[in-house]
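Just the heavy atoms: all of them, side chains too, but no hydrogens, waters or symmetry mates, feed the values below. Note that the structure is predicted; figures quoted are calculated from it, not measured. Within every chain, numbering begins at 1; the chains are lettered A, B, ... in the order of the sequence lines, protein sequences first and strands thereafter.
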Amino acid sequence: MIRFDIIKNSNNVKARAGLLYTDHGVIETPIFMPVGTQGSVKAVNQTFLAEDIKAQIILGNTYHLYLRPGTDILFKAGGLHKFMNWNRPILTDSGGYQVFSLAELRKLRKDGVEFKSHIDGSKHFFSPAKVIEIERFIGSDIMMPLDECTPYPCDYDYAKKSVELTSKWAVLNKEAFEKTQPLYGHQQYLWGIIQGSVYKDLREKSALDLVKLDFDGYSIGGLAVGEPTEKMYEILDFIVDYIPENKPRYLMGVGKPENILEAIERGVDMFDCVMPTRNARNSHIFTWNGIISIRNNRYKDDFRPLDENCDCYACKNYTRAYLRHLFVAKELLAYELASVHNLHFYLSLAKNARKHIIEGDFPEWKNKVIKIISKKISKEE
RNA sequence: GUGGAAUUAGCUCAGUUGGUUAGAGCAUCAGAUUGUGGCUCUGAGGGCCAAGGGUUCAAAUCCCUUAUUCCACC
């Protein structure tokens, strides 16, 4: 069983600060985990990731890594940590989301999912046991089980069947996990993923089924897939109480900075999202003063840093005008600097949230910063 | 000098036998992006169709003149 120490509970809200122990290091929660789908956080090298951004754990994706480079290469390399030169924790998503997002290629079966590779069209089959096997080859510290992520909107009957399937698979995931061993000498842990779309009774059923199996942690999946944000908060308010308090809670794929803070307030400990990196590549910059679209014409002669309150590599060394120029010229450095900055912002956001939970003024701080950081900067002061 | 071709958005070009408010790509400008199928998607602005004159109910389209550019031949 993974060790998770809650070092401080918030007084009025469910937010908490904790320490999550893995063989690759201790993670301070709440935490944001940069997404490195194919064994690389896009446009960011591992040195920056560790030393500047101060990422404590990153994500890999089972579906993508299985297709390329494949488990034989990962095994020969000694696991993903060595392969990519990252010695801090790694969490792998199972490919359950790809089952949903690549829906045209999939065929759901009771025992797993058939799909066609988006790379070469070849046919493959994922079962819960197969996914665990692949994650053993990858060597991720925290493994996600195979699940089905429902789209939104999703009618009740489909969501119900989907929860039943995900619960059935959870049993098989857990069995496979217990029957197999880590390959590289460090411990691996398995989470359960709660589904149920926007239906509270289905969410409850999903949570009860999974808690019975006693996973190391619990993920909340199937949110931020298009439902109104208020709906997401409503489900979070409801579902967190069904997850044992001493287990880490992971809200998959979320989200915008304000979504993360609202979810922390509701008791979530872990987050991942492509937003800081994908948006960085599209010139969308998160700052403590609000959102900047750095390609905008008005930054062409703005020689201030992206964010005057930031000490990341990009802000310490380069100006808005230069970043805008790089984006307009489609220079590769644009993607690197913007990604470093946005990830640094997300990690700072989590770090500050943690600090204010410990200091006891999280809700006040949260309400104050959300107003500022979620707004687009439209007029320069 | 002679003959031919061309001239349409900032750039490169479409534009059917003349027929409503002349299109595209790129560029520009502005949005979007939530367990990532690496440079994506959506939208907007921008043209007295080289200039002038004719023919016609109607001209980017046909005719004439001029200008500019390119090609071929003396």
Under 3.5 Å, is there any donor-acceptor pair linking the side chain of [X] to the base of [N]?
X      : N     : value
A:R278 : B:U33 : no
A:R281 : B:U36 : yes
A:N61  : B:G35 : no

Around atom CD of A:E114, are there more than 12 heavy atoms of other residues, nucleotides or ligands at under 6.0 Å?
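Above 12, so yes.
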
Looking at A:K316, I want to see if its NZ is surrounded by more than 12 non-hydrogen atoms of other residues, nucleotides or ligands under 6.0 Å.
yes

Atom-to-atom span, [atom1] of [X] to [atom2] of [N] - whole angstrom:
X      : N     : atom1 : atom2 : result
A:I292 : B:U33 : CD1   : P     : 17 Å
A:R298 : B:U28 : CZ    : P     : 17 Å
A:R295 : B:U40 : CZ    : C1'   : 13 Å
A:L251 : B:G35 : CG    : P     : 11 Å
A:E336 : B:G38 : CD    : C1'   : 14 Å
A:Y218 : B:G35 : OH    : C1'   : 19 Å
A:N342 : B:U36 : CG    : C1'   : 15 Å
A:N279 : B:G38 : CG    : P     : 15 Å

Provide the Watson-Crick or G-U wobble partner of [N], both distances under 3.5 Å; none if there is no partner.
N     : value
B:G19 : B:C57
B:G46 : none
B:A5  : B:U69
B:A27 : none

A:K130 bridged to A:D111 by N-O distance under 4.0 Å:
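Judged by the 4.0 Å cut-off on N to carboxylate O distance, A:K130 and A:D111 do not form a salt bridge.
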
[N] phosphate, OP1 or OP2: any side-chain N/O from [X] under 4.0 angstrom?
X      : N     : answer
A:Q98  : B:G37 : yes
A:R68  : B:G37 : no
A:K256 : B:U34 : no
A:H64  : B:G37 : yes
A:K376 : B:G31 : yes

Say we look at [N] and [M]: how far apart would their [atom1] atoms be, to the nearest angstrom?
N     : M     : atom1 : result
B:G54 : B:G43 : C1'   : 43 Å
B:U69 : B:G53 : P     : 24 Å
B:U55 : B:U17 : P     : 25 Å

Shortest non-hydrogen contact from A:Y250 to A:L59?
OH-CD2, 3.8 Å

Backbone N/O of A:V13 and side chain of A:E265: donor-acceptor pair under 3.5 Å
no

Using a cut-off of 4.0 Å on non-hydrogen atoms, how would the nucleic acid contact of A:I119 be classed: base, sugar-phosphate, or nothing?
nothing

Check whether A:I194 and A:L208 end up in the same hydrophobic cluster, where Ile, Leu, Val, Met, Phe, Trp and Tyr are linked by side-chain heavy atoms less than 4.5 Å apart.
yes

Using O4'-C1'-N9-C4 for purines and O4'-C1'-N1-C2 for pyrimidines, with syn meaning within 90° of 0, is B:G35 syn or anti?
anti

